[in-house]
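These notes concern the structure reproduced below.
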Amino acid sequence: MHLLLDTHVLPWAAGQPDRLSKQAVDLLDDPANTLVFSAANLWEITIKQGLGRSDFRVDAAVLRRGLLENGYDELAITSRHTIAVGQLPSIHKDPFDRILVAQAENEGLLLLTADETVTRYPGPIRLI
């Protein structure tokens with residue numbers, strides 16, 4: 001299974017696994033699963049750091065390097081993904097969550113999120 005991590009889940013998986021459920025840890029630790037992060041994750045972290053958000057204190061460059069060194073695959077944002085955002089119902093206003101949902105749907109990835117609103121979208125999404 002290919003797992004795309006939501007932006008809040010990503011730093012938890014990388015450095016604070018105690019914030020994850022046992023189910024999430026089991027999914028992330030399963031060698032049969034491929035772990036994926038999106039350029040949208042790092043973009044969101046960078047933007048929200050610039051806004052002074054205290055919940056985004058991780059250095060995006062350091063996080064990216066660590067993810068790649070630990071075998072995560074990086075997913076670029078394509079025009080196909082951005083067009084797919086327009087097909088999503090207006091459930092969530094956050095553009096970063098919307099692009100991640102579109103990417104998961106278009107790429108056949110399971111999106112792991114801690115955001116209950118995101119799970120209201122149809123498609124491959126799991127609340128952890």
Side-chain angles (χ1 to χ4, degrees):
M1 184 170 9
H2 288 75
L3 308 173
L4 175 61
L5 279 62
D6 194 357
T7 305
H8 275 90
V9 175
L10 199 58
W12 298 345
Q16 297 174 302
D18 55 306
R19 296 193 67 177
L20 298 169
S21 68
K22 180 179 179 346
Q23 174 196 26
V25 171
D26 290 346
L27 283 170
L28 297 173
D29 286 346
D30 186 339
N33 292 334
T34 301
L35 304 178
V36 180
F37 72 95
S38 170
N41 297 123
L42 300 180
W43 182 25
E44 180 175 12
I45 289 168
T46 301
I47 292 294
K48 291 185 176 176
Q49 274 183 337
L51 295 172
R53 292 267 306 261
S54 63
D55 53 339
F56 288 93
R57 292 192 179 173
V58 62
D59 182 312
V62 172
L63 177 61
R64 179 182 183 271
R65 184 173 54 245
L67 293 169
L68 292 172
E69 288 173 356
N70 284 287
Y72 282 69
D73 289 344
E74 183 172 10
L75 177 62
I77 299 169
T78 68
S79 57
R80 189 181 53 174
H81 299 143
T82 61
I83 292 167
V85 169
Q87 305 303 311
L88 294 174
S90 295
I91 294 171
H92 206 304
K93 302 298 181 206
D94 187 314
F96 299 108
D97 287 326
R98 292 174 60 82
I99 194 72
L100 291 171
V101 169
Q103 287 184 301
E105 187 173 276
N106 274 262
E107 301 296 332
L109 306 170
L110 176 62
L111 177 60
L112 301 181
T113 185
D115 185 337
E116 289 187 28
T117 304
V118 172
T119 64
R120 293 179 25 214
Y121 283 101
I125 303 167
R126 184 175 300 168
L127 184 67
I128 57 156

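Heavy atoms only: backbone and side chains are in, while hydrogens, waters and symmetry mates are out.
- Just one residue in the list Thr34, Leu35, Asp30 forms a side chain to side chain contact (heavy atoms under 4.5 Å, CB included) with Leu3, and that residue is Leu35.
- Minimum heavy-atom separation, Ala84 to Asn106: CB-ND2, 3.1 Å.
- Atom CZ of Arg126 is separated from atom CD of Gln23 by 5.5 Å, given to the nearest 0.5 angstrom.
- Under the 4.5 Å side-chain heavy-atom criterion for grouping Ile, Leu, Val, Met, Phe, Trp and Tyr, Leu10 is not connected to Leu127 through any hydrophobic cluster.
- A continuous path of hydrophobic side-chain contacts links Tyr121 to Leu75 [ILVMFWY only; heavy atoms under 4.5 Å].
- Of all non-hydrogen atoms in Ala104 and Pro124, the two that sit nearest each other are O-CG, 3.9 Å.
- The nearest pair of heavy atoms linking Asp6 to Ala114 is OD2-N, 4.5 Å.
- Within the model, atoms CD of Gln49 and CG of Asp59 stand 6.5 Å from one another, a figure rounded to the nearest 0.5 Å.
- Summarising the geometry, atom CD belonging to Glu44 is positioned 7.0 Å from atom NE2 belonging to His8; distances are rounded to the nearest 0.5 Å.
- One distance of note links CD1 of Ile45 with CZ of Arg64; it measures 12.5 Å at 0.5 Å rounding.
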| request: Show the numbers, then the answer: is there a side chain to side chain contact (heavy atoms under 4.5 Å, CB included) between Asn41 and Leu63? | output: CA-CA 10 Å; Asn41 297 123; Leu63 177 61; over 6 Å; no
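- With values rounded to the nearest 0.5 angstrom, Thr119 atom OG1 is found 12.0 Å from Ile128 atom CD1.
- Val62 and Trp12 are not part of a single hydrophobic cluster, where members link through side-chain heavy atoms under 4.5 Å apart.
- Using modelled atom types, one side-chain atom of Asn33 and one backbone atom of Leu27 make a donor-acceptor pair closer than 3.5 Å.
- Linking ILVMFWY residues whenever their side-chain heavy atoms come closer than 4.5 Å, directly or via other members, leaves Leu110 and Val101 in distinct clusters.
- Judged purely by atom type and a 3.5 angstrom limit, Gln103 uses its side chain to pair as donor or acceptor with the backbone of Ala76.
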| task | Take Asp18 and Gln16 through the test side chain to side chain contact (heavy atoms under 4.5 Å, CB included) and record every step on the way to the result. | result | CA-CA 5 Å; Asp18 55 306; Gln16 297 174 302; 3.9 Å; yes
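- Nearest heavy atom pair, residue Pro17 against residue Gly15, reads CD-C, 3.4 Å.
- Contact record, Gly66 with Asn70: O-ND2, 2.7 Å, taken as the closest heavy-atom pair.
- Phe37 and Ile77 are members of different hydrophobic clusters when ILVMFWY side chains are connected at heavy-atom separations under 4.5 Å.
- A donor-acceptor pair under 3.5 Å is absent between the side-chain atoms of Arg53 and the main chain of Lys48, judged by distance alone.
- In terms of heavy-atom proximity, Ile99 sits nearest to Ala40 at CG2-CB, 3.5 Å.
- One distance of note links CG of Leu100 with CD1 of Ile125; it measures 10.0 Å at 0.5 Å rounding.
- The environment of CD in Glu116 is sparse: at most 12 heavy-atom neighbours from other residues, nucleotides or ligands sit within 6.0 Å.
- Counting only N and O atoms by type, the side chains of His92 and Asp115 include a donor and acceptor under 3.5 Å apart.
- No salt bridge links Arg98 with Asp94; every basic N to acidic carboxylate O contact stays at or beyond 4.0 Å.
- Proximity of Thr117 to Asp97: side-chain heavy atoms (C-beta onward) are nowhere separated by under 4.5 Å.
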